Amino acid sequence: QQQVKQSPQSLIVQKGGISIINCAYENTAFDYFPWYQQFPGKGPALLIAIRPDVSEKKEGRFTISFNKSAKQFSLHIMDSQPGDSATYFCAASTETSGSRLTFGEGTQLTVNP
Amino acid sequence: NAGVTQTPKFQVLKTGQSMTLQCAQDMNHEYMSWYRQDQGMGLRLIHYSVGAGITDQGEVPNGYNVSRSTTEDFPLRLLSAAPSQTSVYFCASSYFGEAAFFGQGTRLTVV
């Protein structure tokens, strides 16, 4: 059972554009929502994370928007750069689960110069 | 500070062979876990541990064993390798309720 659904599967954006990746979850016990960035041949690396007590969190060009009632959250990458080309995973966990993350299927982002 | 270290980086096994994937972390994290990453399926949890001596099953535990005798180490054992276990394996660790740090992965091929 896939508890976190991610879309789109792949995304192509021009340099300077906005990249938007969406995730939806089912388990209302989830209370921690991180996004990971993965380059080929590397492990996932934490990009930004949010807890459900806020609706938005911004770090540099990266913003998470969170809609608790809709059980959805999204990653926005402003002014996308070719160096942002990577696979992005949303994930979710509960307070007591620590490293026990449920991942979305991933989005392969390509930013064209 | 090495973070999460996985060995080996690459491994080829024949069907039926056994092996151990090593994982070590130097951040004194309580939580450690193993994931496998298959194309188009994201990462799926195999086993996890909330501390030394405590382990539990994740989403896809069949064919794998784990143990945690120390805080630092969390090895993953393949008992009898099968082609379906061809995958990239990631170990992760974290403090309670905090973000997980991942190793660089072990790419395993079973022929």
Side-chain angles (χ1 to χ4, degrees), chain A residues 1-10 21-27 29-53 57 59 62 64 75 86-108, chain B residues 2-7 9-10 21 23 25 27-51 54-61 66 68 71 74 76 87-107:
Chain A
Q1 180 183 2
Q2 184 64 38
Q3 294 191 52
V4 178
K5 290 194 176 294
Q6 183 172 345
S7 63
Q9 194 172 28
S10 63
I21 304 171
N22 301 298
C23 284
Y25 63 97
E26 301 169 3
N27 186 351
F30 286 146
D31 58 7
Y32 180 66
F33 302 90
W35 284 88
Y36 285 85
Q37 180 187 56
Q38 185 180 31
F39 293 104
K42 302 294 186 183
L46 179 68
L47 190 62
I48 186 173
I50 196 169
R51 297 189 188 274
D53 53 344
K57 182 174 181 180
E59 290 183 2
F62 301 92
I64 298 179
L75 175 69
T87 300
Y88 292 81
F89 292 96
C90 63
S93 68
T94 63
E95 181 179 350
T96 57
S97 65
S99 292
R100 191 176 181 182
L101 294 161
T102 300
F103 281 88
E105 300 93 332
T107 296
Q108 187 166 350
Chain B
V4 179
T5 302
Q6 291 184 236
T7 55
K9 287 185 170 53
F10 301 94
L21 279 62
C23 176
Q25 54 96 1
M27 297 172 281
N28 202 34
H29 287 163
E30 307 100 334
Y31 288 89
M32 296 187 74
S33 51
W34 277 100
Y35 296 82
R36 60 177 289 172
Q37 183 175 28
D38 301 297
Q39 191 67 26
M41 298 186 72
L43 287 85
R44 293 181 293 168
L45 182 65
I46 304 171
H47 284 286
Y48 67 100
S49 168
V50 301
I54 306 170
T55 64
D56 206 346
Q57 296 181 351
E59 182 185 354
V60 288
V66 292
R68 186 141 179 230
T71 299
F74 191 43
L76 178 72
S87 187
V88 182
Y89 292 84
F90 289 100
C91 178
S93 73
S94 78
Y95 287 120
F96 177 88
E98 298 295 326
F101 291 85
F102 285 81
Q104 294 297 292
T106 295
R107 185 174 294 273

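Computed from a predicted model, the values in this text were never measured in an experiment. Naming: A, B, ... by sequence-line order, numbering from 1 per chain.
Applying the 6.0 Å contact sphere to CD of A:E59 captures more than 12 heavy atoms from other residues, nucleotides or ligands. Atom CD of B:Q104 has more than 12 neighbouring heavy atoms from other residues, nucleotides or ligands inside a 6.0 Å radius.
Of all heavy-atom pairs spanning A:Y32 and B:A99, the tightest one is OH-CB, 3.2 Å. Nearest heavy-atom pair, A:G43 versus B:F90, reported as atom, atom and distance to 0.1 Å: CA-CE2, 3.3 Å.
Only the side chain of A:Q38 comes within contact range of chain B, judged by heavy atoms closer than 4.5 Å. Neither the backbone nor the side chain of A:P34 has a heavy atom closer than 4.5 Å to any heavy atom of chain B.
Between atom OG of residue B:S94 and atom CG of residue A:L46 there is a gap of 11.0 Å, rounded to the nearest 0.5 Å.
Counting heavy-atom pairs under 4.5 Å between each of B:Q37, B:R107, B:K9, B:Q6 and chain A puts B:Q37 at the top.
Within the structure, salt bridge (Lys or Arg N to Asp or Glu O under 4.0 Å) pairs that include any residue of residues 37-50 of chain B comprise B:R36-B:D38, B:D38-B:R44 (at least two apart or interchain).
A 4.5 Å side-chain heavy-atom check between A:L101 and B:Y35 finds at least one atom pair inside the cut-off.
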